[in-house]
Colleague: 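I am attaching a structure below and will ask some questions about it afterwards.
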Amino acid sequence: MFIGKSIGSLSATQFARNDRGDILINPQNGLPVLPSETTWGYVGDRIPDFTLGIVNKFRYKDFTLNFLWDTRFGGDVYNLLGYRMYVYGLSEHTLNREEPRVVKGVLKDGLENTDFPTPNTIAVTPYYTSAYFYNNITGEKFIEKDIWTIRLRDITLSYNLPKKVIRRLGTRSSMSLFCTLTDVVLLTNYSGLDPESNANTPGLGGIGGFGIDYGNMTRPLGMNFGLRLKL
């Protein structure tokens, strides 16, 4: 929790920086100076700006088609799975590991807080310096901002049997067959599997692990068939 922030606040370790906000670089290896694991900072808010459910119903003779759309706009998601895959060298973002690169920042050489800090010019090749994948990364780099989703939560097609078919059941009776598909379509700007992630449960306090994507699977397509009978 952060004073003045919502209950959905996200925190993560952040790069060590100088007074101007430049990332501090270790002059021995050209990699960022690792911050203390006990130092966490505010990096985002999981609470969406607003959510909206839209229900549509269409009828034609004895057929009925129902749609339920869920929309979400705003709020952040912590792609912790992407973070772990990057650290372990399994992410597609690590495929260029043989290319030398210079981490943008200033050297921690005693001049970092002066008017003329020393820019980092030390080239690092991750293929030969595996520490690049965990020294050059912090949780804040995997906070995805302003997530939006448009999800077709479910769609149901039902058919009402004619009265003459069920007349023996009574004059007020009705019977229908239906097929329901759940989680059919997901449109989102989130790069992970599913922004509707919850790494834990609300039993942990607050809103639990909502908005923390780690080890979760996307919602599978579901299909249900059934019969409704009213007597």
Side-chain angles (χ1 to χ4, degrees), residues 1-49 74-148 188-193 195 197 199 206 209 211-215:
M1 293 290 292
F2 293 89
I3 297 176
K5 304 294 184 180
S6 78
I7 194 174
S9 298
L10 284 168
S11 64
T13 54
Q14 299 172 299
F15 285 122
R17 299 174 183 268
N18 65 3
D19 295 339
R20 302 194 309 179
D22 301 314
I23 296 175
L24 297 180
I25 305 297
N26 187 333
Q28 302 300 318
N29 55 22
L31 297 174
V33 175
L34 286 178
S36 169
E37 287 295 328
T38 59
T39 302
W40 296 75
Y42 173 82
V43 292
D45 190 342
R46 293 172 279 174
I47 305 299
D49 295 332
D76 308 324
V77 176
Y78 185 8
N79 190 350
L80 185 55
L81 178 60
Y83 170 78
R84 290 298 184 188
M85 291 181 66
Y86 184 92
V87 169
Y88 297 144
L90 301 175
S91 169
E92 61 180 8
H93 298 296
T94 66
L95 293 177
N96 62 344
R97 64 191 69 185
E98 296 182 10
E99 299 177 8
R101 71 285 310 274
V102 175
V103 180
K104 185 177 180 180
V106 298
L107 298 182
K108 188 177 181 181
D109 57 0
L111 302 176
E112 60 270 19
N113 288 316
T114 66
D115 292 335
F116 301 99
T118 308
N120 178 38
T121 58
I122 304 172
V124 178
T125 303
Y127 185 81
Y128 302 107
T129 309
S130 60
Y132 176 88
F133 293 117
Y134 55 86
N135 277 41
N136 186 44
I137 203 69
T138 61
E140 65 176 326
K141 293 187 69 173
F142 286 84
I143 302 296
E144 300 195 23
K145 299 284 188 176
D146 300 321
I147 298 301
W148 59 263
T188 181
N189 62 342
Y190 179 61
S191 67
L193 293 177
S197 297
I212 301 176
D213 181 8
Y214 183 53

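Keep in mind it's a predicted model, so treat the numbers as computed, not measured.
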Colleague: Within the side chain of Asn120, is there an N or O that forms a donor-acceptor pair under 3.5 Å with the backbone of Leu107?
Modeller: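 Flag not set: sc Asn120 to bb Leu107 has no pair under 3.5 Å.
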Colleague: Between Asn79 (side chain only) and Phe142 (backbone N and O only), is there a donor and an acceptor less than 3.5 Å apart?
Modeller: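 Not at all, since once roles are kept as given, no pair shorter than 3.5 Å links the two residues.
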Colleague: Measure from the side-chain N and O atoms of Ser6 to the backbone N and O of Gly8, and report whether any donor-acceptor pair falls under 3.5 Å.
Modeller: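 Here the side-chain-to-backbone pair exists.
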Colleague: Report, as yes or no, whether the 6.0 Å neighbourhood of atom NZ on Lys104 holds more than 12 heavy atoms from other residues, nucleotides or ligands.
Modeller: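 Result for NZ/Lys104: open.
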Colleague: Can you give me the closest heavy-atom contact between Arg46 and Gly211, atom names plus distance?
Modeller: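 Smallest interatomic distance, heavy atoms only, reads CD-CA, 3.9 Å.
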Colleague: Check whether any side-chain heavy atom of Pro195 lies under 4.5 Å from a side-chain heavy atom of Glu144, and answer yes or no.
Modeller: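 No, side chains not in contact.
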Colleague: What's the separation between atom NZ in Lys108 and atom CD1 in Ile23, rounded to the nearest 0.5 Å?
Modeller: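 Spacing of NZ (Lys108) from CD1 (Ile23) equals 14.0 Å.
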Colleague: Which pair of non-hydrogen atoms, one from Phe133 and one from Ile137, has the smallest distance, and what is that distance?
Modeller: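 The pair with the smallest heavy-atom distance is O-CG2, 3.4 Å.
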Colleague: Just say parallel, tilted or perpendicular for the rings of Tyr78 and Tyr83, cut-offs at 30° and 60°.
Modeller: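 Geometry flag for Tyr83 against Tyr78: tilted rings.
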Colleague: Begin from the C-alpha positions of Glu92 and Leu95 and carry the test side chain to side chain contact (heavy atoms under 4.5 Å, CB included) through to its verdict.
Modeller: CA-CA 5 Å; Glu92 61 180 8; Leu95 293 177; 4.2 Å; yes
Colleague: Please check: side-chain N/O of Thr129 versus main-chain N/O of Ala131, any donor-acceptor pairing under 3.5 Å?
Modeller: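 No.
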Colleague: For Gly44 versus Lys145, what's the shortest heavy-atom pair and its separation?
Modeller: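 Between these two residues, the closest heavy atoms are CA-NZ, 3.5 Å.
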Colleague: Could you tell me whether a side-chain N or O of Glu112 sits under 3.5 Å from a main-chain N or O of Gly110, the two making a donor and an acceptor?
Modeller: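 Indeed, once roles are kept as given, a pair shorter than 3.5 Å links the two residues.
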Colleague: Between Tyr86 and Lys141, does a side chain to side chain contact (heavy atoms under 4.5 Å, CB included) hold up when you go through it step by step?
Modeller: CA-CA 11 Å; Tyr86 184 92; Lys141 293 187 69 173; 5.8 Å; no
Colleague: Rounded at 0.5 Å granularity, tell me how far OG in Ser11 sits from NZ in Lys5.
Modeller: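 That separation rounds to 12.5 Å.
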Colleague: Under 3.5 Å, side chain of Asn113 to main-chain N/O of Asp19, donor-acceptor pair present?
Modeller: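 Flag set: sc Asn113 to bb Asp19 pair under 3.5 Å.
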Colleague: Look up atom CD1 in Ile212 and atom CG in Leu81, then write down how far apart they are to the nearest 0.5 Å.
Modeller: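 It comes to 13.0 Å.
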Colleague: Supply the atom-to-atom distance Asn96 CG to Thr125 OG1, rounded to the nearest 0.5 angstrom.
Modeller: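 These two atoms lie 11.0 Å from each other.
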Colleague: Starting at CH2 of Trp148, measure out to CG of Asp49 and round the result to the nearest 0.5 Å.
Modeller: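 Interatomic distance, Trp148 CH2 to Asp49 CG, rounded to 0.5 Å: 14.5 Å.
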Colleague: Between Tyr132 and Leu31, is there a side-chain heavy-atom distance shorter than 4.5 Å?
Modeller: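 When only atoms from C-beta onward are counted, Tyr132 and Leu31 do touch, with a gap below 4.5 Å.
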Colleague: Donor-acceptor pair, Arg97 side chain versus Gly89 backbone, under 3.5 Å?
Modeller: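 Looks like yes, one N/O pair under 3.5 Å.
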Colleague: Go through the steps for Ile122 and Asn29 under the test side chain to side chain contact (heavy atoms under 4.5 Å, CB included), then give the verdict.
Modeller: CA-CA 7 Å; Ile122 304 172; Asn29 55 22; over 6 Å; no
Colleague: Of Asn26, Leu24, Thr118, Ile25, which meets side-chain contact (heavy atoms from CB on, under 4.5 Å) against Asp109?
Modeller: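 Single side-chain contact (heavy atoms from CB on, under 4.5 Å) partner of Asp109 among Asn26, Leu24, Thr118, Ile25: Thr118.
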Colleague: Atom OG1 of Thr94 and atom OH of Tyr127: how far apart are they, to the nearest 0.5 Å?
Modeller: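 So the OG1 of Thr94 and the OH of Tyr127 are separated by 12.5 Å.
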